[in-house]
Amino acid sequence: MADGTMTATFLAVTGGASLLAVTARRLRPSGRLPSLEGWALADRSLGPVWTWFLLGGTIFTAYTFTAVPGLAYGNGAAAFFAVPYTVIVSPLAFVLLSRLWAVARAHGYITVADFVRGRYGSPPLALVVALTGILATMPYLALQLLGIRAVLTAGGVYPRGAAGDLVMVALFAGLAVATYRHGLRAPTVISALKAVAVFVSLTAVTWLVLERLGGPGAVFDGAARRLGGDALALTPAQQPAYATLALGSALALMMYPHVLTAGFAADGPRTLRKVAVALPAWTGLLALFGVLGFAALAAGVRAPEGGAEAAVPMLVDRLMPGPLAGLVFGAITVGALVPAAVMSIAAATSFVRNVYVEYVHPTATPKRQVRIAKAVSLIAKAGAVAFVFGLRDQDAINLQLLGGVWILQIFPAVAVGLFTGRLHPRALLAGWGVGMATGTYLVVREGFSSIVGFGSGPLEIYAGLAALLLNLIVAVAGTAVLERLGVPRGADLTDLPSRLTVRRRPETGANQQ
């Protein structure tokens with residue numbers, strides 16, 4: 001059971017997040033009519049500091065901070081693919097997010113499917129991009145709840161039975177209300193608390209753990225003894241899987257609607273480039289979490305079978321004083337609230353813009369679009385809660401693995417489309433279908449493992465990247481065939497030049513940092 005000081009600190013951190021969410025209205029510019037851009041993108045008004053908080057807090061989720069050390073605890077060095085993966089994200093964000101922002105601002109696009117619709121003049125292609133994003137986001141949203149539950153259970157803060165379920169519902173109810181009222185501004189202000197709490201608590205925990213266990217050498221030696229063999233180093237056979245998983249995961253992350261939504265909320269390409277340069281600070285945190293997975297091994301922590309993600313929370317509960325343990329558990333809980341809120345907003349916005357307005361109610365007013373988006377965001381959160389309570393944890397993890405493979409299949413239409421419009425929309429649609437089918441088959445064939453083997457060796461690589469390669473081959477070959485047959489393509493409304501320049505809007509003091 002958790003002691004009183006741990007619980008008090010935990011409640012102070014989570015309560016502080018709720019209070020901060022109330023202040024989100026201060027980020028609201030005055031004199032603007034309700035609009036989906038205002039609710040979902042904070043009127044594209046966030047400066048470098050707020051964007052760094054929001055984008056970092058959205059990319060580095062609570063589940064990431066528990067899954068990576070859990071993987072290190074169970075598998076050793078292979079877990080650290082997440083470090084190069086998040087490093088690769090920085091140059092991708094520098095190039096792709098800044099250019100995509102400029103196009104979106106120039107044409108009034110709110111979602112990435114809006115861009116695809118304008119670039120290729122193809123409603124079906126835009127629809128599959130939107131639906132793929134929603135489909136990949138929902139299990140990711142559920143995993144944030146699983147991350148909270150794993151951490152709180154390990155720390156004894158999560159009561160058993162109905163009482164624990166009520167704790168989970170209460171946490172998400174406060175988030176739902178704040179998001180409903182203030183849109184993206186709510187997770188933006190909470191992300192500042194997340195950054196401070198996670199950076200402070202992790203630094204303190206790492207220092208204390210290393211001191212109590214005898215330093216880094218003792219930690220790695222102890223972990224090696226528990227894992228056995230050379231588990232702390234990659235074997236040559238593991239390296240292709242490690243490299244392709246890092247690269248494929250980075251490409252996939254840049255296509256997730258919640259990451260693009262956080263990027264679109266910036267006030268300009270220059271802000272996004274500054275933030276991309278500073279993102280590796282979050283990667284340093286992730287590496288420290290991975291080291292704590294080794295520390296849990298060295299300390300003799302016995303995580304439950306199939307629950308390695310509880311190893312670090314159990315380590316914290318064992319070695320840390322109550323207030324610091326409560327701070328860590330509160331930080332990870334708040335760490336889940338930020339991406340969960342952005343994910344629900346992104347899914348709701350994609351539905352409204354690219355399904356509801358496109359196919360159900362084309363004349364919907366901006367006010368009605370905001371109303372529908374708010375309702376859908378609530379439904380998304382409620383669905384995630386029901387998913388977690390109604391299905392096994394492994395089901396959510398399996399679907400999230402598939403989600404990463406699926407979202408990678410929109411990369412040709414989005415990322416390649418930012419630089420060339422030569423690919424035919426029908427060929428892109430065919431490539432997407434082949435990539436989705438192939439990636440799903442490979443993952444399911446391997447028992448829901450994202451690493452698949454080829455050849456007699458076998459050569460093991462990331463399934464999503466293999467499916468993406470086939471996707472690109474079909475798209476390129478299909479374009480050549482369709483051009484030879486003279487099949488017309490839709491009108492390109494973006495007219496992208498090789499270099500984009502966008503005039504920065506005047507700053508409004510309350511919204512810039």
Side-chain angles (χ1 to χ4, degrees), residues 60-86 139 143-144 146-155 202 205-206 209-210 213 216 218-246 248-249 285-319 328 332 392-402 404 443 446-453 460-463:
F60 294 85
T61 68
Y63 187 77
T64 301
F65 287 148
T66 56
V68 169
L71 192 59
Y73 176 90
N75 298 89
F80 283 84
F81 84 90
V83 175
Y85 143 45
T86 51
L143 281 184
Q144 305 316 304
L146 293 180
I148 292 176
R149 188 164 68 182
V151 168
L152 301 189
T153 299
L202 182 60
V205 166
T206 303
V209 165
L210 291 178
L213 295 181
V219 167
F220 286 106
D221 289 342
R225 285 193 299 270
R226 283 282 302 276
L227 287 173
D230 298 323
L232 299 192
L234 291 176
T235 65
Q238 290 177 309
Q239 291 172 9
Y242 185 93
T244 56
L245 185 57
S249 298
L285 280 185
L286 190 59
L288 288 180
F289 268 108
V291 171
L292 288 181
F294 289 157
L297 284 168
V301 169
R302 300 284 181 181
E305 186 176 354
E309 67 276 1
V312 167
M314 292 173 68
L315 173 71
V316 170
D317 186 42
R318 175 187 295 187
L319 297 183
V328 174
I332 295 178
R392 299 174 305 156
D393 291 2
Q394 191 60 43
D395 295 328
I397 295 170
N398 289 344
L399 286 175
Q400 198 276 329
L401 286 174
L402 280 173
V443 171
E446 296 294 325
F448 285 94
S449 170
S450 58
I451 301 299
V452 296
E460 293 186 325
I461 64 172
Y462 177 46

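Each residue takes its place number in the sequence, starting with 1.
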- Approximate separation, where rounding is to 0.5 Å, of Gln144 CD and Ile332 CD1: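 One gets 12.0 Å once the value is rounded to the nearest 0.5 Å.
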- Item | Between OG1 on residue Thr244 and OH on residue Tyr462, distance to nearest 0.5 Å |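 It comes to 9.0 Å.
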- Message: Main chain of Ala246, side chain of Ser249: is a donor-acceptor contact present, judged purely on distance under 3.5 Å?
- Response: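 No.
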- Kindly write out the residues that satisfy side-chain hydrogen bond (donor to acceptor under 3.5 Å, both in side chains) with Thr86, not counting sequence neighbours, or none if the list is empty.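 Thr86 satisfies side-chain hydrogen bond (donor to acceptor under 3.5 Å, both in side chains) with Thr283 only.
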- Message: So, using side-chain hydrogen bond (donor to acceptor under 3.5 Å, both in side chains) as the criterion, who are the partners of Thr61 when residues are at least two apart?
- Response: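 So Thr61 forms a side-chain hydrogen bond (donor to acceptor under 3.5 Å, both in side chains) with Thr64.
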Can you give me the closest heavy-atom contact between [X] and [Y], atom names plus distance?
X: Glu446; Y: Ile451; result: CG-O, 4.0 Å
X: Val209; Y: Ala295; result: CG1-CB, 3.6 Å
X: Val452; Y: Ala463; result: CG1-CB, 3.9 Å
X: Ala298; Y: Ala218; result: CB-O, 4.2 Å
X: Leu402; Y: Phe448; result: CD1-CE2, 3.6 Å
X: Leu71; Y: Phe81; result: CD2-CE2, 4.1 Å

Under the side-chain contact (heavy atoms from CB on, under 4.5 Å) test, which residues partner [X], sequence neighbours left out?
X: Ala82; answer: Val68, Tyr85, Leu286
X: Leu202; answer: Thr206, Leu285, Leu288, Phe289, Leu292
X: Gln239; answer: Leu234

- Task: Not counting sequence neighbours, list each pair that qualifies as a side chain to side chain donor-acceptor pair (under 3.5 Å) and has a residue in residues 69-79.
- Result: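 Sorted pair list: Tyr73-Arg226.
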- Item | Trace of the side chain to side chain contact (heavy atoms under 4.5 Å, CB included) decision for Val312 with Thr66 | CA-CA 7 Å; Val312 167; Thr66 56; over 6 Å; no
- Residues two or more places apart in sequence or in another chain: which of them pass ring pair (Phe, Tyr, Trp, His ring centres under 6.0 Å) with Phe80?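 Here the qualifying residues are Phe294.
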- Item | Passing candidate, side chain to side chain contact (heavy atoms under 4.5 Å, CB included) with Val205, options Leu319, Val328, Leu315 |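 By the side chain to side chain contact (heavy atoms under 4.5 Å, CB included) criterion, Val205 pairs with just one of Leu319, Val328, Leu315: Val328.
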